[in-house]
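Shown next, in structure tokens, is the structure this report addresses.
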Amino acid sequence: QICILCWNLGKQVQQARCSGLPYCLSPVHVMNVAYWFLLAPMVALDRSISMKRVQKWAPWTVVLRIWQAGYTVFRDLGTDSFFLCSPSGPMLLTCDVHLVKQVLTRAHDFHAPVDVLGLYNIYGPTLAASEGEQWRLYRRITTPFFNQKTYGKVWKESLDKAERLCAQWSHGNDDARVADVKEQLMSKLNLRVIAKIFYDQELPYDAENAMKDAAPPGHALTFSEAINAVLSQLATVFSVPKWLLARSPFESHKKACQGFVEWQQYMVEMRNSVQSRLESAKQKEEPYFLESLVIASDTASSRDGIRPLTEAEVLGNMFFYVMAGFDTTSTTLSFVFLLLALYPSVQTQLQQELDRVLGPRATCTWDANKDVPDLLNGYLGAVISETLRLYHPVSWYARKAVRDTTVTTASGATCRIPNDTIIMIDVAAIGRHPGYWSPSTTPGDDTSIEQSPARDFNPARWLDPTDKAAAFPFSAGHRMCPGKRFAEVEMCAILARVFSQFSLRLEANPADVLEAEGPTGHGKAWLEQRSRERATEALYEGMGFGHGIYPKMHVPFRIVPRTKAG
Ligand code: HEM
């Protein structure tokens, strides 16, 4: 076995040498389960060993900490693309936008790595983990749903859900303190929007907390608890048999299993209710998302040449679309909130823009067709783009070469890509590449705060057209994200509604308050500076990793009426 591994590794190295690009060795491959299970200990190791030292002896560890490494690994190796040769196959890690665009647009040479994306198939086949005819079928069924009419509904529903939240903040003071922005606010707000638009489900409101939902009869977990339990343990749910999970002594495993079962129950109930409704009211003119899937699974109404979806395909895609739409958007919005709390001057500029575009008009008159383009093309859109540049929820995504081929690099060199190479598109490095983005802060030493991308947050750069060339946060080519406009409209509505009435203020750490007020008497300015430093640090050191990044270390802030913000 060892001989085979060494022989394989030797072959990879030989091929990498012929490619014309630099190479490093890696004991793990992203397609191996070992990779996923090594992730946690390696991230922990990163904290105890200086990252700089780890980089020197093992560039392969970048695969395990891609967001934190950002551009540094490419800088240290002096290249924008390099091979990572592992006994299980070659990987090409790249932040060369010129090369990436070829990979994303050459559908015959590069496919989605469906074997690793099979992780998403826990309820049945999904769009993400399919290629060819099967992928085209799923896209053909679901794409018509992404249209102007749906975006109008997304706008209306997002404003409506944000309105309830704002009403709650207007009334009580204690609810306006946010410790965990993703968990407390954005996941819940976003799930309400998605549930309504995709499934026509209005999640029941808890009488006291506009962000809490209640479990309906027959369910032990609420809608949001069930999906979150599955998503937070996706790799475990995928790799461990359910009977074993249910008997595991670990509470987290039991919870994952319960979430898996409950979410399936929710999906089956929704599917059944749509099915019986459609049977009685034939011929739906403009079906919403779930109706499209159910209609496509009906053998009687399936059209010429289109095979009906199986039940597993309906459930698989119901799950995947919610996952794709829910987690990415709520993570992005969470980072927008945190960065705005860190930069009061950006908040002020955003609010001035909202005043200019929306004026004193009542929310019900805000118009999806006119106001959304104005806002997204202006400063609000710039805030979203800058957040996605530095805190993109998906740090990397991949393609697989399906034949021996060549690509050209930004410097014009031709390089050979062997069949089966996994091309890892390093979104985190592209967003922090000094050649693509002019720095807005002075480059400093390697202290952790200096490394925080939050320091470089400068939405105004998006108002300058020269700075946009390396931005494709929703990917490009035929597999580009179909939810781009959906996400943009939703984020626009939520940000416009909240920031037209409220501001965010960082909460000081209690220990800092004591110090500021104590005998040394550092004072208010020191306290504010200290809170900003803590937030900046949390926005680098405090990152959690699931199937993307999320803010794990909490940065508490308070929501205050705009007029009172100082
Ligand atoms: C800020 C929010 C979002 C970001 C940053 C984002 C980004 C991405 C990226 C980078 C991809 C990978 C494409 C590739 O492999 O080339 C993707 C795929 C996908 N996204 Fe999004 N997305 C977001 C929101 C949404 C929403 C709201 C939906 C649905 C309503 C959605 C549905 C999908 C689907 C279905 C795919 C798979 C497409 C395919 O494989 O054909 N996304 N997204």
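Positions are given from 1, in the same order as the sequence printed here. We count ligands from 1, going down the list as the structure has it; atoms in each ligand are counted the same way. Excluded from the calculations below are hydrogen atoms, water molecules and symmetry mates; all remaining heavy atoms, backbone and side chain alike, are included.
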Do me a favour and list the nearest non-hydrogen protein atom to atom 36 (C) of ligand 1 with residue, atom name and distance?
-> P482 CD, 3.6 Å
May I ask you to decide if the ring planes of H433 and Y71 are parallel, tilted or perpendicular, using 30° and 60° as cut-offs?
-> tilted
Contact between P473 and ligand 1, counting heavy atoms under 4.0 Å?
-> yes
Should K156 and D160 count as an ion pair when the cut-off is N to O under 4.0 Å?
-> no
Assess the pair F145 and Y288: is the distance between their ring centroids shorter than 6.0 Å?
-> no
Any Lys/Arg nitrogen of K161 or E202 sitting under 4.0 Å from an Asp/Glu carboxylate oxygen of the other?
-> yes
Mind checking whether F146 has a heavy atom under 4.0 Å from ligand 1?
-> yes
Could you tell me whether R399 approaches ligand 1 through its side chain, its backbone, both or neither, with non-hydrogen atoms closer than 4.0 Å?
-> side chain
Interfacing atoms of ligand 1 (cut-off 4.0 Å, heavy-atom, G483) | 26 (C), 27 (C), 28 (C), 29 (C), 31 (C)
Closest approach of any protein heavy atom to atom 11 (C) of ligand 1, naming residue and atom | C481 CB, 4.3 Å
Between K484 and ligand 1, which residue portion shows a heavy-atom distance shorter than 4.0 Å: side chain, backbone, both, or neither?
-> neither
What protein heavy atom is closest to atom 23 (C) of ligand 1, reported as residue, atom name and distance in Å?
-> T328 OG1, 3.4 Å
Measure T332 to ligand 1 on non-hydrogen atoms and call it side chain, backbone, both or neither using the 4.0 Å cut-off.
-> side chain
Mind telling me whether Y120 and F320 have parallel, tilted or perpendicular rings, with 30° and 60° as the class edges?
-> tilted
Ligand 1 atoms nearer than 4.0 angstrom to some heavy atom of S475 are 13 (C), 14 (C), 16 (O)
Describe, in one word, how the ring planes of Y343 and F457 are oriented to each other, choosing from parallel (under 30°), tilted (30 to 60°) and perpendicular (over 60°).
-> tilted
Aromatic rings F337 and F499: how do their planes relate, parallel, tilted or perpendicular, breaks at 30° and 60°?
-> perpendicular
Side chains of W396 and L93 in contact at under 4.5 Å (non-hydrogen atoms) | no
Which is closest to atom 30 (C) of ligand 1 in terms of heavy atoms, F289, Y321, F198?
-> F198
Heteroatom distance test (W135, ligand 1): nitrogen or oxygen, under 3.5 angstrom = yes
Polar proximity ligand 1 side, R479 side, N/O cut 3.5 Å exclusive = yes
What protein heavy atom sits nearest atom 37 (C) of ligand 1, and how far away is it?
-> L127 CD2, 3.7 Å
Contact check: T329 vs ligand 1, nitrogen or oxygen atoms, below 3.5 angstrom | no
Does any N/O atom on H392 come nearer than 3.5 Å to any N/O atom on ligand 1?
-> no
Just which atoms of ligand 1 are under 4.0 Å from any heavy atom in R139?
-> 38 (C), 39 (C), 41 (O)
Could you tell me whether a side-chain N or O of E225 sits under 3.5 Å from a main-chain N or O of T222, the two making a donor and an acceptor?
-> yes
Among F474, F320, F472, F145, whose heavy atom sits nearest atom 3 (C) of ligand 1?
-> F474
Answer with yes or no whether the side chains of S297 and E311 bring together a donor and an acceptor at under 3.5 Å.
-> no
Between W437 and W462, how do the two ring planes meet: parallel, tilted or perpendicular, split at 30° and 60°?
-> tilted
In the protein, what heavy atom is nearest to atom 27 (C) of ligand 1, and what distance, to one decimal place, separates them?
-> G325 CA, 3.4 Å
Interatomic spacing from CZ in R399 to OG1 in T94 - rounded to 0.5 Å = 13.5 Å
State if E488 counts as touching ligand 1 under the rule of any non-hydrogen atom under 4.0 Å.
-> no
Any atoms of ligand 1 less than 4.0 Å from a non-hydrogen atom of Y397? List them with their elements.
-> 10 (C), 14 (C), 15 (O), 16 (O)
For atom 32 (C) of ligand 1, grab the closest protein heavy atom and report residue, atom and distance to one decimal in Å.
-> A324 CB, 3.5 Å
Between Y391 and W67, does the ring centre distance come in under 6.0 Å?
-> yes
